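Numbered from 1 within each chain, the chains take letters A, B, ... in sequence-line order. Since the model is a prediction, treat every value here as computed from it, not as a measurement.
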Protein chains: 2
Amino acid sequence: MPTISKENYLKTIYQRAQTSNEPVTTSYVASKLEVSNAATSEMAKKLSDDGLISHEKYKGIELTDNGREIALQIIRRHRLWELFLIKVLGLSWGEVHDEAEMLEHSTSELLINTIDDYLGNPKFDPHGSPIPDRFGNLPVTPAIIALTKCRTGKKYRIAKVNDKSSELMNYFSRLGLELEKEIVIEDRLEFDNSITLSIDNRIHSLSEKICENVYVYSN
Amino acid sequence: MPTISKENYLKTIYQRAQTSNEPVTTSYVASKLEVSNAATSEMAKKLSDDGLISHEKYKGIELTDNGREIALQIIRRHRLWELFLIKVLGLSWGEVHDEAEMLEHSTSELLINTIDDYLGNPKFDPHGSPIPDRFGNLPVTPAIIALTKCRTGKKYRIAKVNDKSSELMNYFSRLGLELEKEIVIEDRLEFDNSITLSIDNRIHSLSEKICENVYVYSN
DNA sequence: ATTAAAAATTAAGCAAACTTAAATTAATAA
DNA sequence: TTATTAATTTAAGTTTGCTTAATTTTTAAT
Ligand SMILES: [Mn+2]
Ligand SMILES: [Mn+2]
Ligand SMILES: [Mn+2]
Ligand SMILES: [Mn+2]
């Protein structure tokens, strides 16, 4: 297994490639990991030597099959830990991401498979992201759209949230916004692209920035 | 919090001080952590600068109050994880030490206290070692003696085993040798200081080296 | 008390993972 | 097309944590 640093780089590259069509740039990875571009360029060289990425200079980074396999292993560990911490140990939506960010690098194959079985081989983590199985296969995921793309007046069910900010997770918890919960889009302001929606018959207004981080089933 | 390396040094120093009257030497720590004496001398300098140990050159190492506090935190994490992995996730006696050795460095205060509560604030780990509480206090421990000190013909109960070798743990499991289990010392050979004892009415012979790693209540 | 052996420290150097600053390549605009 | 700007890489240097080799200190033996 690679070092913790390498694992974090691989995971970041994988997740960027998943959610963007543009090539994965060193500067994106650098900003995501909060290191310098120089550090990322150097690491790209090393990961390339390791056969985990291919890197065309000044263009972009792509994972090799080996690199993707490792990235998926780390993501598997991360997501299973998040679910375990919530389901078994009762941590909150806002607490689990940071814990998982550390545990994902200290978890053996044996342990993560044990946790997987303990949880009944779940397919999704507590934020709605798919969990790779022990062979690196992702479950088929239903079609989802960001709240920003929703139609006024329609009813939706929460499918996924981005979990990078614990502050935001805590806010969602206070709102009662959770997976599978029904919401209705009441209104949207052209002025700032904010959206008014009802959760449990209570009305809330969410900024565009927040709406970009909430996804619903597109039906 | 210190680095993983520093945590491992502090833990090793603490545990040596607990189980030996002689000063904690750099060479002991080095051999235990499987690094060079030079590495340990250098680390001693740094830990000294950090105010975590006091080190009289060519004499020995002692933990400061701060150093001991951190050591006890790591030991707490280690032992609670071991118990959790066995009790909750069903790992075996032989599997948990190596897992805990990693997890102890990736576990927040919040998480370990949650685990502690989940387990009902246990006082001993699965190998019979005491678990420091969240304030660093160790439970009072009953008097125990190594198997090597036991009297022939007497009956004892297993109180503790040293868990450093998973091979040995697996062997104990096969023998049925577990905590609180009753054993009878049947015989001992002057020739090699091996001991013959009965567990569940089956007779086994254990080498001196093995007996040094098994403790019973001294009644 | 001297000397030899053992233990511990210091010196010198390496690899990993960073940094800032300089150089290079690519993109864009005149 | 050429010049400017932006993105990226390379260069040079730091810190952490390790190594082996040399030196120093302590201990043990004669
Ligand atoms: Mn997460
Ligand atoms: Mn991580
Ligand atoms: Mn252990
Ligand atoms: Mn450890």
With 3.5 Å as the limit, what N/O pairs link the protein to nucleotides 14-17 of chain D?
| from | atom 1 | to | atom 2 | distance (Å) |
| --- | --- | --- | --- | --- |
| dG17(D) | OP1 | Thr3(B) | OG1 | 2.6 |

Task: Candidate list Ile112(B), Leu103(B), Asn121(B), test side-chain contact (heavy atoms from CB on, under 4.5 Å), partner Leu80(B), passing option - done: Ile112(B)
- [ ] Under 4.0 Å between any heavy atoms, over every strand shown, what does Thr40(A) touch: base, sugar-phosphate, or nothing? Just pick one.
- [x] nothing
- [ ] Check the distance between dT8(D)'s P and Tyr28(A)'s OH and give it to me in whole angstrom.
- [x] 14 Å
Open item on the list: With heavy atoms of chain B within less than 4.0 Å as the criterion, where does contact along DNA chain C begin and end?
Closed with: dA8(C) to dA12(C)
Would you list the atom pairs, donor with acceptor, under 3.5 Å between side chains in residues 63-72 of chain B and any protein atom, with sequence neighbours excluded?
| from | atom 1 | to | atom 2 | distance (Å) |
| --- | --- | --- | --- | --- |
| Thr64(B) | OG1 | Gly51(B) | O | 2.7 |
| Thr64(B) | OG1 | Leu52(B) | O | 3.1 |
| Thr64(B) | OG1 | Asn66(B) | N | 3.4 |
| Thr64(B) | OG1 | Gly67(B) | N | 3.1 |
| Asp65(B) | OD1 | Arg68(B) | NH2 | 3.1 |

Task: Passing option when Asn8(A) is tested against Thr3(A), Ile13(A), Leu33(A), Val35(A) for side-chain contact (heavy atoms from CB on, under 4.5 Å) - done: Leu33(A)
Counting only pairs under 3.5 Å, give me each side-chain donor-acceptor contact of residues 167-175 of chain A, with atom names and distances, residues two or more places apart or in other chains.
| from | atom 1 | to | atom 2 | distance (Å) |
| --- | --- | --- | --- | --- |
| Asn170(A) | ND2 | Ser166(A) | O | 3.3 |
| Ser173(A) | OG | Met169(A) | O | 3.1 |

Open item on the list: Under 4.0 Å, heavy atoms only, any strand: does Ser27(B) hit a base, just the sugar-phosphate, or nothing?
Closed with: sugar-phosphate
Open item on the list: To check you understand the geometry: which heavy-atom pair defines the closest contact between Leu110(B) and Leu91(A), and what is its length?
Closed with: CD2-CD2, 4.2 Å
TODO: To the nearest Å, give me how far apart CG (Asn37(B)) and P (dT25(D)) are.
DONE: 17 Å
Open item on the list: Rounded to whole Å, how long is the line connecting atom OH of Tyr58(A) with atom P of dT8(D)?
Closed with: 10 Å
Open item on the list: Within the 4.0 Å heavy-atom criterion, would you say Ala38(B) contacts the bases, only the backbone, or no part of the nucleic acid?
Closed with: base
Open item on the list: How long is the straight-line distance from CD1 of Ile61(A) back to OG1 of Thr12(A), given to the nearest 0.5 Å?
Closed with: 10.0 Å
Open item on the list: Filter on ring pair (Phe, Tyr, Trp, His ring centres under 6.0 Å), then keep only pairs touching residues 126-150 of chain B, sequence neighbours left out; what's left?
Closed with: Trp93(B)-His127(B)
Task: ring pair (Phe, Tyr, Trp, His ring centres under 6.0 Å) partners of residues 31-73 of chain B, not counting sequence neighbours, each pair once - done: none
Task: Side-chain N,O (Thr26(A)) to OP1/OP2 (dT9(D)) below 4.0 Å - done: yes
